[in-house]
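Written out below as structure tokens is the structure these notes cover.
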Amino acid sequence: MAASPRSITILGATGSIGVSTLDVLRHMEPEAFTIEALTGASNIPLLAQQAKACHARLAVTADEARYHDLRDALSGTDIEVAAGRQAVIEAASRPVDVTMAAIVGIAGLAPTLAAVRHGGTIALANKECLVCAGSLFMRECETHGVTLLPVDSEHNAIYQVLAGQRREAVQSIILTASGGPFRTWGRERMANVTAQTAADHPNWSMGLKISIDSASMFNKALEMIEAQHLFTLTPEQVEVIVHPQSIVHSMVRYCDGSVLAQLGPADMRIPIAYALAWPDRMELPADRLDFTALSRLDFEAPDEARFPAIMLARRALAEGGASGAVLNGAKEAALDGFIEGRIGFLDMADRVELAMESLAGLPEPQTLSEVEALDRQARTIARG
Ligand code: NAD
Ligand code: MG
């Protein structure tokens, strides 16, 4: 007998992870999922097309001014339409079995917390939830009996290799980093790059912001803090190694000297499929690793002088308190400045450092509004 369908909401359906999620759903049994809500922001044609194709009940754009565009694009269907920040939060609040949390940035925090509060499974791509509000977020997940499944490829890898192991047996986790497009570049050369060059990732196809964060290694910085909260680690238990081929997605070092790794092609549909099929596994027509074609796997220590984001993350791991929210808020503002051409590539880390120094020692935020207030303060400092 076929299992009854599970319901899913995709927050950030029109982004890179959202599109891949819908693609993975197409490879599942047709009755596996019903789609409750899809949310997007500016790409109304794509959102409308997705909502029609998967028979979503509700489509929401975060951009209030685009309400009429979305309503017109969905006229003649019975798909409900809504718009605005609050509407995204309300969509996330509708009870479903699974929520894919794939909005980019701290904008994803309030909707994902709303989803946490109805329980069920959260497939978490939005790492900023843990970076900005780690303790709060994990506490809410526990209170509401949420099954939290990481979608970020490194954390998904670690989750997979932790399965069936005693947590006390973990010595450390080893996050792999591709090193991005500037892995071998000197700082002088990095100083003048444009957002377009920085977004050109050698291995992964991702949204604009995370691609640039990979080039500056701020993505790895966020992931170090994400891992600390997700797997309850001390700062010393978070290792980072540069691995340019992006085949080993991360590893866990155990107390007996064993290291377990998860390997696979650089295809985000694989961790997404793991989260959607969990605790089972599904057939996915992704590429298969051909070990005879892999001539080598390289590993090198990250260069913190060229990539100060790693050093700033270490500082945040050690300091705790508000530092994750401050690092992220400052990083988001600096990244916007870089994308808009107001500041240079290397200025981003300087702005984040300035914000972290100015707001050092503040206590950990306990509520969403405290997180948002810290975020605003950090952004103001980083904007300069
Ligand atoms: P993206 O920029 O491609 O898509 C972002 C989505 O969020 C879009 O649907 C957009 O409409 C929506 N959005 C943007 N601003 C919004 C706002 N203010 N309010 C509501 N919705 C808004 O981003 P992405 O690459 O898919 O990344 C999404 C999240 O997943 C990020 O947190 C990223 O760090 C994480 N992640 C992405 C990848 C990847 O391969 N793309 C890998 C690991 C983790
Ligand atoms: Mg990642």
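Because the structure is a prediction, the values reported are computed rather than measured. Just so you know, ligand 1 is whichever comes first in the structure, and atom 1 is the first atom listed for that ligand.
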Distance-only polar pair, side chains of [X] and [Y], donor-acceptor under 3.5 Å:
| X | Y | result |
| --- | --- | --- |
| Glu364 | Ser135 | yes |
| Ser172 | Glu239 | yes |
| Gln160 | Asn156 | yes |
| Ser214 | Ser211 | no |
| His249 | Thr176 | no |

Give the atom numbers and elements of ligand 1 that come within less than 4.0 Å of a heavy atom of [X].
| X | answer |
| --- | --- |
| Gly40 | 11 (O) |
| Ala62 | 19 (N), 20 (C) |
| Glu128 | 32 (O) |
| Gly207 | 3 (O), 25 (O), 41 (N) |
| Gly12 | 6 (C), 7 (O), 9 (O) |
| Asn126 | 32 (O) |

Regarding [X] and [Y], does a basic nitrogen lie under 4.0 Å from an acidic carboxylate oxygen?
| X | Y | value |
| --- | --- | --- |
| Lys209 | Asp336 | yes |
| Glu332 | Arg379 | yes |
| Lys331 | Asp213 | yes |

Would [X] count as a polar contact of ligand 1, with the cut-off being nitrogen or oxygen pairs under 3.5 Å?
| X | value |
| --- | --- |
| Thr14 | yes |
| Ala107 | no |
| Ala41 | yes |
| Leu208 | no |

Using heavy-atom distances only, which candidate in [options] approaches [atom] most closely?
| atom | options | value |
| --- | --- | --- |
| atom 29 (C) of ligand 1 | Ile210, Thr39, Ile103 | Ile103 |
| atom 30 (O) of ligand 1 | Ser214, Ala101, Ala125, Cys129 | Ala125 |
| atom 44 (C) of ligand 1 | Asp152, Leu222, Thr61, Val131 | Asp152 |
| atom 39 (C) of ligand 1 | Thr112, Ile17, Val88, Leu124 | Ile17 |

task: Could you walk me through whether Glu223 and Asn219 pass the side chain to side chain donor-acceptor pair (under 3.5 Å) test, one step at a time?
output: CA-CA 6 Å; Glu223 291 182 354; Asn219 182 48; 3.1 Å; yes
- prompt: Are Lys127 and ligand 1 in contact, using a heavy-atom cut-off of under 4.0 Å?
  reply: yes
task: Determine, using heavy atoms of Gly18 and all atoms of ligand 1, whether some pair is separated by less than 4.0 Å.
output: no
Over all atoms of both residues, closest heavy-atom pair of Glu128 and Asn328: CG-OD1, 3.5 Å
task: Measure the acute angle between the ring planes of Phe182 and Phe345, then classify it against the limits of 30° and 60° as parallel, tilted or perpendicular.
output: perpendicular
message: Is the ring pair His155/Phe231 parallel, tilted or perpendicular, if the boundaries are 30 and 60 degrees?
response: parallel
- prompt: Which value, rounded to 10°, describes the OD1(Asp152)-the Mg ion (ligand 2)-OE2(Glu223) angle?
  reply: 90°
- line: Checking distances from the Mg ion (ligand 2), one finds that the N, O or S atom of Glu154 closest to it is OE1
message: Applying side chain to side chain donor-acceptor pair (under 3.5 Å) to Gln245 and Asn203, what does each step give before you reach the verdict?
response: CA-CA 7 Å; Gln245 291 89 359; Asn203 305 341; over 6 Å; no
Report the nearest protein non-hydrogen atom to [atom]: residue, atom name, distance rounded to 0.1 Å.
| atom | value |
| --- | --- |
| atom 28 (C) of ligand 1 | Ala102 O, 3.4 Å |
| atom 23 (O) of ligand 1 | Val104 CB, 3.9 Å |
| atom 3 (O) of ligand 1 | Ser16 N, 2.9 Å |

